[in-house]
Participant: 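Pasting a structure here, questions to come.
Throughout, a chain's letter reflects where its sequence line sits, starting with A, and its residues are numbered from 1.
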Protein chains: 2
Amino acid sequence: MNGRQNSRPTLEQVAARAGVGRGTVSRVINGSPRVSEQTRAAVARAVAELGYVPNQAARALAGSRTDAVALVIPEAEARLFAEPYFLDLIRGVSAELAEADKQLLLTLVRSEQERQRFEQYLAAQRVDGVLLASVHGDDPLPDRVRELGIPVVMNGRRSEAESVPYVDSDNIGAGRAAVAHLVGRGRQRIATVTGPLDMYVARARLGGYRAGLAEAGHAPDEGLVAAGDFTEDGGRAAMRELLERRPGLDAVFAASDVMAAGARAALREAGRRVPDDVALVGVDDSPVARLMDPPLTSVRQPIEEMGRTMARMLLDDAPGGRGDVPKRVLPTELVVRESC
Amino acid sequence: MNGRQNSRPTLEQVAARAGVGRGTVSRVINGSPRVSEQTRAAVARAVAELGYVPNQAARALAGSRTDAVALVIPEAEARLFAEPYFLDLIRGVSAELAEADKQLLLTLVRSEQERQRFEQYLAAQRVDGVLLASVHGDDPLPDRVRELGIPVVMNGRRSEAESVPYVDSDNIGAGRAAVAHLVGRGRQRIATVTGPLDMYVARARLGGYRAGLAEAGHAPDEGLVAAGDFTEDGGRAAMRELLERRPGLDAVFAASDVMAAGARAALREAGRRVPDDVALVGVDDSPVARLMDPPLTSVRQPIEEMGRTMARMLLDDAPGGRGDVPKRVLPTELVVRESC
DNA sequence: CACCGGTATGGGAGCGCTCCCACCCTAGAG
DNA sequence: CTCTAGGGTGGGAGCGCTCCCATACCGGTG
């Protein structure tokens with residue numbers, strides 16, 4: 001891979017052509033108001049004639065900003081999350097960044113070593129900001145990035161009291177809505193398959209489930225709670241466990257569609273019909289939900305919108321922090337299908 | 001979003017600390033052999049002590065290379081392709097680039113305007129190479145990029161005789177393998193739902209289907225061919241059409257899993273059982289295939305491997321072109337499940 | 001008519017690196 | 001002992017911008 005050969009015009013050449021100074025061209029390029037209309041036009045013409053495009057490296061060096069933002073996704077999660085999650089997120093981030101004419105640098109982190117390398121990378125001043133997806137409870141990276149003085153926004157949070165700016169969806173509301181719906185359909189013994197409880201998102205959905213039951217006046221029963229890990233196999237295993245512990249259950253809230261698919265398989269194994277014997281609700285409203293048999297009721301998160309919001313927050317990040325941590329929690333929405 | 005405040009050490013400072021010249025430090029950093037072991041050690045120590053990380057912008061400016069590669073994905077396709085396709089591709093590209101210590105710049109192109117902007121972007125010399133995914137038959141972008149003198153590799157090709165380096169999977173083999181399998185199971189009237197025929201990938205799979213039938217001694221019947229568009233709805237519509245034209249068909253090769261899902265729905269509507277009445281084969285081996293009822297036999301493409309191969313080809317792109325266009329066609333593999 | 005404030009403009013001084021030429025020194029050859 | 005050949009090394013000259021200070025010029029003031 002060799003460099004570019006055909007040398008492109010420089011600021012200086014544009015200046016010469018327009019019969020003005022270098023500084024003036026720079027002002028025009030950067031939209032400074034301190035330029036007469038006449039000069040601006042002359043420069044614009046020279047730019048067009050020469051097909052001038054500013055050299056980004058030079059800009060970055062002189063101006064110490066890069067017009068690029070990194071989106072960091074742990075590879076392990078990329079495999080495991082409901083399929084289109086990250087693609088939707090990327091889509092949202094990308095759309096918003098494009099509007100601001102910023103570039104998206106995607107970093108899939110595969111190992112601890114690559115994480116280290118990423119920190120080096122940040123130190124090399126290659127990005128103006130960082131977006132972090134799928135951060136676990138004890139992850140020090142967000143704080144590390146902040147210490148480097150680089151703006152950062154996370155997707156999701158590490159705990160209830162998060163110290164780093166984040167965008168999350170209303171996971172508590174998701175659990176609550178699912179349970180309310182099941183209660184509304186007359187279900188009495190509602191179980192749940194949770195995600196890995198070291199992730200806030202899993203705890204929040206579980207919290208919503210409990211809150212929903214409490215609001216409906218159901219007594220809590222820990223026997224109706226089984227931990228999964230956001231995988232299909234995990235969902236299947238958790239469902240089997242639940243059926244063993246509480247054979248009389250008549251509904252399940254799975255904290256993800258993928259786990260719901262696993263649960264559905266376990267129910268089929270056990271000869272339970274959905275929704276006749278057991279009603280099922282998932283989270284994500286992924287394509288999987290539509291294709292399941294019967295189609296799965298699921299709580300939709302506005303993933304793409306989260307991506308957009310993250311990017312916007314990052315770009316808006318005003319120099320002077322205004323006291324509290326910027327955060328945004330977006331609403332979720334129940335999509336009702338035949339599984340309950 | 002403001003710049004970095006804490007200034008990091010520079011080459012010069014490392015040089016001072018190590019008691020050597022600037023050039024020597026540069027040589028050490030870049031692994032030049034023309035440095036004595038002793039000096040190298042002294043510099044390495046100074047680097048470690050100061051926590052020096054080379055400034056990327058300065059490097060790019062002075063050396064006119066960026067250590068970054070752009071991956072371009074048309075947004076329209078990102079929505080439509082079998083779900084994890086692009087994520088798998090990204091994963092492969094990312095892994096390979098990480099090994100070479102290159103950065104991945106992801107560009108989702110939403111509109112003609114954004115395409116233009118992308119060309120500007122290339123002219124700004126921000127990347128050392130370009131990877132293009134999902135290129136349509138008449139797309140001029142690949143040639144445009146080459147004209148700028150930037151190395152480029154495509155995923156898939158625009159036609160049989162492609163002039164730009166590419167990595168593709170064996171789509172003809174995919175169609176052939178699917179048909180051979182169906183013939184082997186004793187199916188007599190094998191139909192196909194194709195992708196949009198302005199895409200080479202769709203034509204290739206159709207070609208494979210025809211070749212497979214010919215090899216089995218089946219007479220061609222254009223009534224058994226219906227065009228889809230890689231969407232579920234398209235698959236459903238095409239299947240209805242086929243059932244109307246050739247009610248006696250006993251097998252269908254759908255050129256994607258998503259279309260197979262649509263076809264499956266149409267078959268259910270029509271009261272045909274799968275696989276008893278009609279056998280079904282898809283392409284992609286996506287999660288959708290596993291979750292279908294019955295699980296779908298599908299032709300797997302090595303997507304992640306394609307991504308890796310693309311990145312490797314791009315990085316290897318030797319300065320002097322050696323006559324013919326570099327290309328790589330990776331094998332596909334039939335994954336048999338209960339749908340036939 | 002000298003003076004002032006403001007606006008438009010030119011261009012020097014870097015930003016931190018790579019490239020490359022000049023120079024030093026040492027060892028072997030003549 | 002001089003000469004030559006290199007390996008090692010230092011540092012000047014940019015790379016193409018942005019920042020910012022200095023300058024030029026304008027009309028209005030006292």
Participant: Take atom CD of A:Gln125 and atom P of C:dG16, then tell me their distance rounded to the nearest Å.
Facilitator: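 Answer to the nearest Å: 8 Å.
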Participant: Counting side-chain heavy atoms from C-beta on, which of D:dG11, D:dG16, D:dG8 comes nearest to B:Ser36?
Facilitator: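 The answer is D:dG8.
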Participant: Measure the spacing between CD of B:Gln103 and OG1 of A:Thr107 and express it to the nearest 0.5 Å.
Facilitator: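 Rounded to the nearest 0.5 Å, the CD-OG1 separation comes to 5.5 Å.
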Participant: Taking for each residue the nucleotide of DNA chain D bearing the nearest heavy atom, is the 5' side occupied by B:Val35 or by B:Gly63?
Facilitator: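 Counting from the 5' end, the first nearest nucleotide belongs to B:Val35.
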Participant: Choosing from C:dC17, D:dG10, C:dG10, which nucleotide comes nearest the side chain of B:Ala62?
Facilitator: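 Ranking C:dC17, D:dG10, C:dG10 by closest atom to the B:Ala62 side chain puts C:dC17 first.
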Participant: In terms of the nearest nucleotide of DNA chain D, which residue is placed more toward the 5' end: A:Pro54 or B:Arg27?
Facilitator: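 Here B:Arg27 is the residue nearer the 5' end.
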Participant: Are A:Val20 and A:Val25 close enough that some pair of their side-chain heavy atoms sits under 4.5 Å apart?
Facilitator: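 A:Val20 vs A:Val25: side chains touch.
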Participant: Hey, are B:Arg65 and B:Asp128 close enough for a salt bridge, meaning a charged N less than 4.0 Å from a carboxylate O?
Facilitator: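 Salt bridge: no.
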Participant: Rounded to whole Å, how long is the line connecting atom CD of B:Glu37 with atom P of D:dG7?
Facilitator: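 In whole Å, D:dG7 P lies 17 Å from B:Glu37 CD.
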Participant: Do A:Asn30 and A:Arg59 come close enough that some side-chain heavy atom pair is under 4.5 Å?
Facilitator: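 Of all side-chain heavy-atom pairs linking A:Arg59 with A:Asn30, at least one is under 4.5 Å.
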Participant: Applying side chain to side chain contact (heavy atoms under 4.5 Å, CB included) to B:His136 and B:Met199, what does each step give before you reach the verdict?
Facilitator: CA-CA 6 Å; B:His136 280 254; B:Met199 293 181 76; 3.6 Å; yes
Participant: Take the protein atom CD of B:Gln13 and the nucleotide atom P of C:dG16, then report the distance between them rounded to whole Å.
Facilitator: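 B:Gln13 atom CD is separated from C:dG16 atom P by 8 Å.
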Participant: Whole angstroms only, please: what is the CG-C1' distance between A:Asn55 and D:dG14?
Facilitator: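 Answer to the nearest Å: 14 Å.
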Participant: Would you indicate which nucleotide in C:dC17, D:dC17, C:dG10 comes nearest to any side-chain atom of A:Thr24?
Facilitator: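 Within the option list, the nearest is C:dG10.
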Participant: For A:Glu12 and D:dC15, give me the distance from atom CD to atom P, rounded to whole Å.
Facilitator: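 So the CD-P distance, A:Glu12 to D:dC15, works out to 10 Å.
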Participant: Please report the distance, rounded to the nearest Å, between CZ in A:Arg65 and C1' in D:dT18.
Facilitator: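 It is 8 Å, rounded to the nearest whole Å.
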Participant: Among C:dT9, D:dG16, C:dC17, which nucleotide sits nearest the side chain of A:Leu61?
Facilitator: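 It is D:dG16.
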Participant: Give the rounded distance in Å between these two atoms: CZ of B:Arg22 and C1' of C:dC20.
Facilitator: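 Rounded to whole Å, this separation is 12 Å.
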Participant: Would one find a side-chain N or O of B:Ser26 under 4.0 angstrom from OP1 or OP2 of C:dT18?
Facilitator: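 Looking at the OP1 and OP2 atoms of C:dT18, one of them is under 4.0 Å from a side-chain N or O of B:Ser26.
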Participant: The side chain of B:Arg34 lies closest to which of these nucleotides: D:dT9, C:dG16, D:dG12?
Facilitator: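 Closest nucleotide among those given: D:dT9.
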Participant: Please tell me if B:Asn30 has a side-chain N or O lying less than 4.0 Å from either OP1 or OP2 of C:dT18.
Facilitator: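 For C:dT18, OP1/OP2 do have a side-chain N/O of B:Asn30 under 4.0 Å.
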Participant: Please report the distance, rounded to the nearest Å, between CG in A:Leu11 and C1' in D:dC15.
Facilitator: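 For the pair A:Leu11 CG and D:dC15 C1', the rounded distance is 13 Å.
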Participant: At 4.0 Å (heavy atoms only), tell me whether A:Arg59 reaches a base, stays on the sugar-phosphate, or touches nothing.
Facilitator: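 If one applies the 4.0 Å heavy-atom cut-off, A:Arg59 turns out to touch the sugar-phosphate alone, with no base involved.
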